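For reference, the structure is listed below as structure tokens.
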Number of protein chains: 4
Amino acid sequence: MNVHSLLVGTMDKRITILIAAETLLSERGFYGLSMKLLAQRADIAAGTIYCYFKNKDALLSELLIHINMQVANKLFENWTDTQSLQQKYEILWKNTFNSVLRNPQRLNVVDMLLFRPGHDRKEIKNILRSNVFSPLFDFYQQGIDNNTFHAWPIEALLSLSFDSAINLAKHILRQRLEKNEELVAQVRKASWLIIQKQNNQF
Amino acid sequence: MNVHSLLVGTMDKRITILIAAETLLSERGFYGLSMKLLAQRADIAAGTIYCYFKNKDALLSELLIHINMQVANKLFENWTDTQSLQQKYEILWKNTFNSVLRNPQRLNVVDMLLFRPGHDRKEIKNILRSNVFSPLFDFYQQGIDNNTFHAWPIEALLSLSFDSAINLAKHILRQRLEKNEELVAQVRKASWLIIQKQNNQF
Amino acid sequence: MNVHSLLVGTMDKRITILIAAETLLSERGFYGLSMKLLAQRADIAAGTIYCYFKNKDALLSELLIHINMQVANKLFENWTDTQSLQQKYEILWKNTFNSVLRNPQRLNVVDMLLFRPGHDRKEIKNILRSNVFSPLFDFYQQGIDNNTFHAWPIEALLSLSFDSAINLAKHILRQRLEKNEELVAQVRKASWLIIQKQNNQF
Amino acid sequence: MNVHSLLVGTMDKRITILIAAETLLSERGFYGLSMKLLAQRADIAAGTIYCYFKNKDALLSELLIHINMQVANKLFENWTDTQSLQQKYEILWKNTFNSVLRNPQRLNVVDMLLFRPGHDRKEIKNILRSNVFSPLFDFYQQGIDNNTFHAWPIEALLSLSFDSAINLAKHILRQRLEKNEELVAQVRKASWLIIQKQNNQF
DNA sequence: CATGAATGAGTTTTCATTCAT
DNA sequence: GATGAATGAAAACTCATTCAT
């Protein structure tokens with residue numbers, strides 16, 4: 001066994017543990033994630049987890065990052081440089097909307113992780129923003145810079161446009177609305193129009 | 001002591017416990033709410049809590065309802081029948097936005113209560129919707145009925161309009177943006193325009 | 001209200017409490033007898049019990065005595081002075097046997113009371129023996145004195161004769177044997193014969 | 001350390017806990033057996049008990065079985081195949097009588113375990129009867145089959161014969177009678193004679 | 001690296017008892 | 001005598017973490 005295979009093996013076990021943790025969180029909620037049960041699911045001994053993670057809290061923090069990185073990957077799927085801003089926006093919005101709808105548990109899991117005791121939500125949010133989600137901010141900045149979007153702080157734009165994808169998906173999940181493709185397209189289109197500079201003067 | 005003062009006294013202790021519970025949830029998170037600590041904060045014996053609430057879960061359910069009723073009261077503050085739809089919307093949006101900004105922890109607490117293990121979120125959501133938040137839905141239905149708003153499901157309208165108040169407030173809290181009154185007004189106005197039927201055809 | 005009616009009323013409530021206690025013990029076992037539940041059953045406030053009994057243990061001790069007095073009454077039912085020893089024995093044995101069979105819970109209740117923590121079984125046993133059960137000992141002494149029974153210590157005679165009624169009833173209860181009248185009569189007769197001096201020489 | 005010593009070590013701790021439990025039950029009664037105190041007596045941490053027993057009830061069930069197996073072993077001590085029925089009976093009776101006398105608390109402990117709330121006595125009784133105590137039933141069946149004993153249900157025979165050993169021992173314990181060897185022998189002999197078919201016709 | 005037995009502080013909940021009314 | 005709200009010690013049980021192997 002060489003160093004490389006060792007590292008790979010090590011990484012695999014880390015990931016195995018993280019995946020088992022997410023599964024347990026979505027299956028059994030925050031209380032359902034005991035280290036003993038996690039070990040069973042990951043097919044290792046309880047003590048072994050502590051070879052890879054300092055403690056439960058560190059494990060959960062890493063899980064949050066791990067999930068966010070996966071989410072970010074989904075978000076920018078199918079983006080290419082030749083697309084227009086609007087094309088990119090539609091893809092971004094659809095990816096987001098569909099991610100929430102297709103894996104609603106994951107939204108819960110992220111919430112559990114964000115609301116867990118002793119966790120400073122701002123800290124990790126900032127870490128993520130400046131890394132995995134930076135293309136999202138770059139996208140909006142570009143729209144601002146070329147006079148397409150209102151010259152507002154990006155968060156203001158997000159609250160009217162990007163966030164609507166998550167909002168609508170949540171409403172659908174809660175309300176058991178039928179997923180009406182036409183309606184979804186209308187909301188998406190509206191959320192695009194509302195941040196256009198030329199269409200709306202306030 | 002008469003019956004009335006007795007009831008008031010009894011109610012006071014219930015409320016005292018609920019308030020202490022909310023404080024602890026926002027200060028220490030879901031884990032931080034142990035019944036022993038709660039008793040200390042409420043300045044009573046641990047056993048006394050069980051004179052007022054069957055068990056911890058019942059207490060948390062009541063807390064959720066208690067908070068939602070307070071929130072709903074805030075939401076419709078300053079509404080009068082003579083106001084136009086737009087006036088009502090502005091009040092509603094401002095109330096919501098300010099509620100989140102002024103008591104950001106409360107949003108977290110509600111999430112903790114909704115995400116707590118073994119809790120069926122839909123059940124309570126429906127209870128609340130059909131009661132304390134029904135004016136919100138009535139408001140949107142009215143706008144739809146008189147051809148002011150798009151004839152979409154109310155949730156679709158919410159995701160573009162009302163939700164933006166919460167979204168923006170959250171972004172401000174997370175980002176520590178200065179609360180720029182003009183920007184806030186712009187976002188609010190945009191969120192109003194986007195659901196108008198006459199202004200936008202999709 | 002005069003002193004007499006007060007005493008009668010007082011006595012009634014004592015008995016009411018004791019009866020409720022026995023009912024709860026047989027219905028719900030030892031754990032099922034909480035003072036709060038007992039108060040509910042007796043239709044009084046929890047604190048009121050302490051007007052009649054010093055504490056739970058004193059209540060249970062009195063219940064044990066109360067039950068034993070009732071049991072003793074059953075035991076000697078239908079005894080008359082004109083009956084022969086053997087007639088008396090048959091009545092005694094039948095009464096005992098039937099008491100156990102008809103109210104098996106009562107046997108359990110007595111056991112619960114005897115095995116309760118901190119209870120010195122010998123103490124109460126002796127109190128009872130020298131009082132409510134003294135006719136039983138008198139009966140055996142009479143048989144010894146007139147040369148009918150073996151001149152053994154009464155306990156030795158009991159272990160072969162009277163005890164068989166309880167033993168058999170217990171076996172029937174545990175085993176769900178059919179209550180075969182003929183068999184019961186045979187056992188009873190055998191238990192009578194075995195203590196006769198003239199029939200058995202050892 | 002090999003597998004065998006590991007198993008032995010594990011078994012030892014189980015047994016240590018069971019022995020401590022029996023001691024506490026006999027010393028302090030049913031209430032006196034708290035898991036914390038049990039852990040102290042067994043010189044382990046409170047949580048360790050739950051490595052070996054699912055919960056308190058499972059522990060008590062195992063204790064009942066454990067004790068009954070030990071009791072059964074004592075019961076049939078010194079039996080050999082060449083002995084006559086009467087020889088076997090005398091040994092059986094003496095073993096039983098002495099077991100009760102030598103470890104009177106054990107009788108109480110067994111009763112506590114049988115009478116403990118939520119415990120179905122019949123279930124375990126049947127398990128034991130069909131296993132550890134089956135030689136006892138075989139013994140009586142043999143006596144019935146070869147026309148030595150009355151052809152009654154075994155329980156009827158037990159109530160007159162075997163049970164007398166326990167009855168007498170209990171009476172001696174309660175009464176603090178001197179253990180009179182001659183008297184004991186007489187009772188034992190009487191209990192043997194009473195179940196003989198040839199000696200007694202009813 | 002991996003194990004899993006052992007730990008013990010921590011949890012929720014019960015309940016006999018008290019005492020101001 | 002009667003009440004019942006309040007008490008707080010104690011119960012059974014959980015579980016993140018450690019450490020000898």
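Every chain is numbered from 1, with letters handed out A, B, ... down the list of sequences. Values in this document were obtained by computation on a predicted structure and should not be read as measured data.
Following rounding to the nearest Å, D:F53 (CZ) and F:dA12 (P) show an atom-to-atom distance of 15 Å. Going from atom CD of D:Q40 over to atom C1' of F:dA11 covers 14 Å, rounded to whole Å. With rounding to whole Å, D:Y52 atom OH is found 10 Å from E:dG4 atom C1'. Atom pair D:I44:CD1 and E:dT7:C1' shows a separation of 11 Å (rounding to whole Å applied). Rounded to whole Å, the distance from CZ on D:F30 to C1' on F:dA11 is 13 Å. In this structure, D:L38 places its CG atom 18 Å from P of F:dA10, rounding to the nearest Å.
A donor-acceptor pair under 3.5 Å is formed between the side chain of C:K56 and the backbone N or O of C:L33.
Helical stems of DNA chain E (runs of at least 3 Watson-Crick or G-U pairs, donor-acceptor distances under 3.5 Å) are listed by first residue: E:2-21 with F:2-21.
Listed by first and then second residue, the salt bridge (Lys or Arg N to Asp or Glu O under 4.0 Å) pairs that reach into residues 43-53 of chain D come to none, sequence neighbours excluded. Residue pairs meeting the side-chain hydrogen bond (donor to acceptor under 3.5 Å, both in side chains) criterion with at least one partner in residues 18-39 of chain A, sequence neighbours excluded, are A:E22-A:R106, A:E27-A:R41.
Scored by the salt bridge (Lys or Arg N to Asp or Glu O under 4.0 Å) test, B:D57 finds B:R116 as partners (sequence neighbours excluded). In this view, A:A39 and A:I44, A:A46, A:I49 satisfy the side-chain contact (heavy atoms from CB on, under 4.5 Å) rule, not counting sequence neighbours.
Map B:D43 and D:T48 each onto its nearest nucleotide of DNA chain F; the residue landing nearer the 5' end is B:D43.
Nucleic acid contact for D:I49: none, since no nucleic acid atom lies under 4.0 Å from a heavy atom of the residue.
Heavy-atom minimum distance, D:L37 versus D:G32: CD2-O, 3.5 Å. Of all non-hydrogen atoms in D:A21 and D:L63, the two that sit nearest each other are CB-CD2, 3.9 Å. Pairing each heavy atom of D:Y52 with each of D:K13, the nearest pair is OH-CD, 3.4 Å.
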Dump the pairs, protein N or O against N or O of nucleotides 9-13 of chain E, anything under 3.5 Å, distances to one decimal.
unit_1	atom_1	unit_2	atom_2	d
E:dT12	OP1	B:L33	O	3.4
E:dT12	OP1	B:K56	NZ	2.3
E:dT12	OP2	B:M35	N	2.8
E:dT13	OP2	B:Y50	OH	2.9
E:dT13	OP2	B:K56	N	2.9

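Among the nucleotides F:dT3, E:dT3, F:dA2, the one closest to any side-chain atom of C:A45 is F:dT3. Of all nucleotides listed (F:dG1, F:dA6, E:dA6), F:dG1 comes nearest to the side chain of C:C51.
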- Audit row: B:N108, B:Q105, side-chain contact (heavy atoms from CB on, under 4.5 Å) steps and yes/no: CA-CA 5 Å; B:N108 294 350; B:Q105 293 301 347; 3.4 Å; yes

